[in-house]
Amino acid sequence: MEAVGVVEVAGPGLTGRQVGDLVAYAGYPMGSYAEEEILPADRVVHVPSCIDPSIAASVMLKGMTAQFLVCRCFKGSLACLKTRGYMVSFGQSSGSPDPLPLSSLAPKSLFLTRPSLYNYTLTGDELLEAAGEVFANVASGVRVNHTYLLSKAHADLENRKKSGSIVLIPDGI
């Protein structure tokens with residue numbers, strides 16, 4: 001869902017990216033569980049030279065998700081919402097939330113949403129704004145819990161033996 005890498009080839013007529021640039025992406029298109037990937041130029045952002053590539057790889061998805069939730073949504077539960085309040089459900093790891101009857105929203109005319117990062121970074125400007133805020137805040141210190149060679153990580157990830165920021169390193173690097 002998120003990755004950092006070096007541009008190895010740039011398509012004809014491309015501006016703003018060049019071979020050798022360190023870039024990152026999160027969310028769409030999916031496929032970061034790979035050693036190489038072909039990505040649309042408008043879905044990657046430059047990684048500032050002051051940000052370690054492992055840190056950038058570990059914060060893109062979580063950081064930009066937090067950025068759009070903090071900047072554009074509230075957190076809370078139905079019980080504490082005021083009339084016409086918003087409840088935001090986010091995250092994938094623990095599965096889908098229990099079903100909620102729509103009638104439970106009616107007494108206070110509540111709103112319920114399940115946002116996705118991709119829909120908040122549709123345009124290049126939105127993507128650059130979100131990534132810029134994340135990278136600006138990374139300077140305060142981010143910890144990478146685990147690094148793994150791509151070929152060795154699958155079993156622990158599949159069995160949920162690791163949590164937190166995990167950076168997969170392609171074999172041979």
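Shown here are the side-chain contact (heavy atoms from CB on, under 4.5 Å) partners of Pro101, two or more places apart in sequence or in another chain: Ser103, Ser104. In terms of the ring pair (Phe, Tyr, Trp, His ring centres under 6.0 Å) criterion, residue partners of Tyr118 (sequence neighbours excluded) are, by chain and number, Tyr28. Leu22 is linked by a side-chain contact (heavy atoms from CB on, under 4.5 Å) to Val4, Val6, Val47, Pro53, counting only residues two or more places apart in sequence or in another chain. A search for side-chain contact (heavy atoms from CB on, under 4.5 Å) contacts involving Thr123 returns Asp125, Glu126, not counting sequence neighbours.
Identified under the side-chain hydrogen bond (donor to acceptor under 3.5 Å, both in side chains) test for residues 5-27, with sequence neighbours left out: Tyr25-Glu37. Applying the salt bridge (charged side-chain N to carboxylate O under 4.0 Å, His left out) test to pairs two or more places apart or on separate chains, none has a residue in residues 38-54.
If you take CZ on Arg84 and NZ on Lys108, they are separated by 12.0 Å, rounding to the nearest 0.5 Å. Note: Thr65 OG1 to Leu117 CG = 4.5 Å, rounded to the nearest 0.5 Å.
A distance-only check finds a donor-acceptor pair linking the side chain of His46 to the backbone of Gly16 [under 3.5 Å].
Tracing side-chain contacts under 4.5 Å through hydrophobic residues (I, L, V, M, F, W, Y), one reaches Ile55 starting from Leu61; they form part of the same cluster. At a threshold of 4.5 Å between side-chain heavy atoms, the hydrophobic network of Ile, Leu, Val, Met, Phe, Trp and Tyr places Met1 and Tyr120 in one connected group. Under a hydrophobic clustering in which Ile, Leu, Val, Met, Phe, Trp and Tyr are joined whenever their side-chain heavy atoms come within less than 4.5 Å, directly or via other members, Leu127 and Val134 fall into the same cluster.
When all heavy atoms are compared, the tightest approach of Val59 to Val138 is CG2-CG2, 3.8 Å. When every heavy atom of Leu14 is checked against every heavy atom of Ala10, the shortest pair comes out as CD2-CB, 3.7 Å. When all heavy atoms of Met64 and Ala131 are compared, the pair lying nearest together is SD-N, 3.4 Å. Heavy atoms only, all atoms of each residue included: Ser54 and Val167 are closest at O-CG2, 3.3 Å.
For Leu122, the CG atom sits in a packed shell: over 12 heavy atoms of surrounding residues, nucleotides or ligands are nearer than 6.0 Å.
Between Leu128 and Val45 the shortest side-chain heavy-atom distance falls below 4.5 Å. Side-chain contact between Met87 and Leu105 is absent, with no heavy-atom pair separated by less than 4.5 Å.
Other members of the cluster containing Ile38 do not exist, because no ILVMFWY side chain is joined to it at under 4.5 Å.
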